[in-house]
Protein chains: 2
Amino acid sequence: MDVISVIRTKRDRGELSDEQIDWVIDAYTRGAVADEQMSALAMAILLNGMNRKEIARWTAAMIASGERMNFSSLSRPTSDKHSTGGVGDKITLPLGPLVAACGAAVPQLSGRGLGHTGGTLDKLEAIPGWRALLSNEEMLNVLDGVGSVICAAGDGLAPADKKLYALRDVTGTVEAIPLIASSIMSKKIAEGTGSLVLDVKVGTGAFMKNLDDARELASTMVELGTDSGVRTVALLTDMSTPLGLTAGNALEVRESVEVLAGGGPADVVELTLALAREMHDAAPEGRRPGEGAGRRLGDGRVASHDRGAGVTRTRSCRWPASSTWSRRRRPAS
Amino acid sequence: MDVISVIRTKRDRGELSDEQIDWVIDAYTRGAVADEQMSALAMAILLNGMNRKEIARWTAAMIASGERMNFSSLSRPTSDKHSTGGVGDKITLPLGPLVAACGAAVPQLSGRGLGHTGGTLDKLEAIPGWRALLSNEEMLNVLDGVGSVICAAGDGLAPADKKLYALRDVTGTVEAIPLIASSIMSKKIAEGTGSLVLDVKVGTGAFMKNLDDARELASTMVELGTDSGVRTVALLTDMSTPLGLTAGNALEVRESVEVLAGGGPADVVELTLALAREMHDAAPEGRRPGEGAGRRLGDGRVASHDRGAGVTRTRSCRWPASSTWSRRRRPAS
């Protein structure tokens with residue numbers, strides 16, 4: 001097995017074999033395949049694509065490059081959410097506590113900013129003293145006690161993805177749907193969540209600029225999750241204007257606290273509730289967290305502090321008014 | 001100017017601007033653009049192509065990355081030849097002395113093996129004591145005195161190409177026609193030869209497997225040379241079986257000596273003479289080297305030693321019998 005034959009296979013529009021994928025991911029993680037070789041392969045994948053079988057194997061190989069977490073000791077059902085990123089998207093901040101208040105455990109292993117979009121960890125670091133790095137034990141303790149944790153993914157989780165993600169960022173190969181899908185899903189599957197709700201952004205402020213690309217990305221990820229035993233659904237949501245009224249780390253934290261206290265911009269509240277409902281529905285029968293997320297936000301019970309005041313909410317809700325989003329539980333085959 | 005925007009332009013099938021090309025070649029040569037970024041760009045070029053304007057600018061930028069040689073002090077007209085490489089192709093070895101014996105100066109800056117094909121320098125190193133590295137002054141002295149020199153291109157000649165060539169070799173991006181053409185022609189134009197004859201190999205033993213690709217490569221190089229004031233012609237020659245009766249460094253040197261002494265396999269003799277005639281015709285009127293190359297080989301006058309004996313020549317000449325070669329003086333537009 002040599003890397004040039006792997007690159008040539010994809011360059012010449014061939015299908016990568018299981019053995020080629022397993023080998024190249026492992027060799028890249030070990031450093032036996034160089035960055036300049038992996039970036040040539042990534043560009044060939046971006047331009048020539050991968051089929052469902054290849055993407056599934058690529059994802060499995062990235063998962064196999066590291067450890068897998070285990071939440072089976074928790075009494076609550078686990079449910080996670082991932083957003084593909086957009087401007088002003090602070091939904092994780094109110095969503096985690098809200099779904100936890102309904103009885104689920106939300107293991108939010110979050111990321112940093114990518115391109116023009118902000119990262120959840122960056123936002124929370126606007127709070128003095130907050131830290132993103134927890135040990136696996138600390139994370140499990142918070143999750144068990146509080147029901148929601150937001151922290152950085154440990155180094156042990158899909159290290160191949162960590163390395164490839166950084167490489168793609170500097171080589172113009174971010175926008176490859178097979179690589180985006182496998183990057184997100186390898187971490188979520190390795191994390192071990194029972195169910196997963198994907199918020200796939202589409203529009204001028206998102207990485208996916210049109211509905212077809214967003215739909216392809218969403219269905220690819222739903223397939224990957226479902227095939228790995230994670231109950232996965234995806235929403236396509238509009239990102240043609242910023243979400244909420246603020247963008248910027250500290251401002252977004254403040255807006256999120258307002259939402260938790262029963263206020264906040266209507267679009268943020270609506271999307272938070274829509275995702276909370278999906279996370280409820282995605283949990284297995286008999287282990288579903290309680291309903292009534294809207295009521296919980298409405299009376300401010302989720303927040304432990306007073307309702308923020310003084311923020312102008314002049315804009316009417318635009319979400320989910322447009323035709324550029326739709327709910328999908330199963331990929332269009 | 002940043003490298004990701006350059007990569008994205010070509011990735012998304014755009015045309016690279018003069019400024020983008022000048023910048024990326026210079027920045028790569030300086031190390032400001034990393035190998036993993038250049039290899040992603042090379043793969044995008046391989047898959048999405050470059051137009052004539054882009055290739056010309058890319059070649060000019062590689063020439064500008066180093067020094068240019070000057071043969072104007074020589075009394076003889078300079079004429080060079082380049083082969084795109086094939087199995088058993090030792091033509092440079094008899095051709096240089098033969099054309100020199102006819103009165104031209106042949107500045108053969110040669111290369112190493114690439115892929116499955118041997119390199120002229122590797123072959124000559126089978127001769128104990130022979131060395132490939134000459135200073136520019138040594139090279140000019142040999143060329144002036146003997147009329148033919150075969151040596152390695154100095155580090156000062158198109159250093160951008162030297163770096164990119166090594167990168168392409170390990171990233172599956174060798175077979176890009178714009179990159180092959182600009183690599184060859186940047187060195188030949190920087191070398192400063194007055195005329196150039198290209199031997200473009202086509203067939204299973206060559207990098208170009210089919211006639212269309214070989215024709216495209218040939219016409220691209222002829223355009224590049226002509227646009228830069230180098231009188232350039234190209235032959236497409238068959239490489240579906242090895243050339244001559246031997247392949248291997250020392251064996252090929254011995255076969256070449258036989259040809260110089262008036263013997264040798266008929267196909268090697270025929271191709272050597274065909275290229276010698278092209279080199280004669282490509283020189284400017286009034287400065288053409290003498291004719292009669294065939295007679296010079298036939299009576300062994302070019303060789304300073306006895307005719308080799310004992311080599312079986314059982315195969316009849318197959319060159320230029322096939323329909324897969326044709327002479328072209330101007331590109332098909």
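Just so it is clear, the structure is predicted and the values come from calculations on it, not from any experiment. Here is the naming used below: chain letters follow the sequence lines, and residue numbers restart at 1 for every chain.
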| Are any side-chain N or O atoms of B:R11 and backbone N or O atoms of A:T173, one a donor and one an acceptor, separated by less than 3.5 Å? | no
| query | Is there a donor-acceptor pair under 3.5 Å between the side chain of A:Q37 and the backbone N or O of B:V170? | reply |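 Flag set: sc A:Q37 to bb B:V170 pair under 3.5 Å.
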| query | Are more than 12 heavy atoms from other residues, nucleotides or ligands located less than 6.0 Å from atom CG of A:D155? | reply | no
| Roughly how far, to the nearest 0.5 Å, is CE of B:M43 from CG of A:L47? | 9.0 Å
| request: With a 4.5 Å cut-off on heavy-atom pairs, point out which of B:L46, B:V174, B:L167, B:V3 contacts chain A the most. | output: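 Most heavy-atom pairs under 4.5 Å with chain A: B:L46.
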Tell me the closest heavy-atom pair linking [X] and [Y], and the distance in Å.
X: A:D169; Y: B:I4; answer: O-CD1, 3.2 Å
X: B:S39; Y: A:S39; answer: OG-OG, 2.6 Å
X: B:I7; Y: A:T171; answer: CG2-O, 3.5 Å

| message | Please classify the contact of B:A42 with chain A as side chain, backbone, both or neither, using a heavy-atom distance under 4.5 Å. | response |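 Neither; nothing under 4.5 Å.
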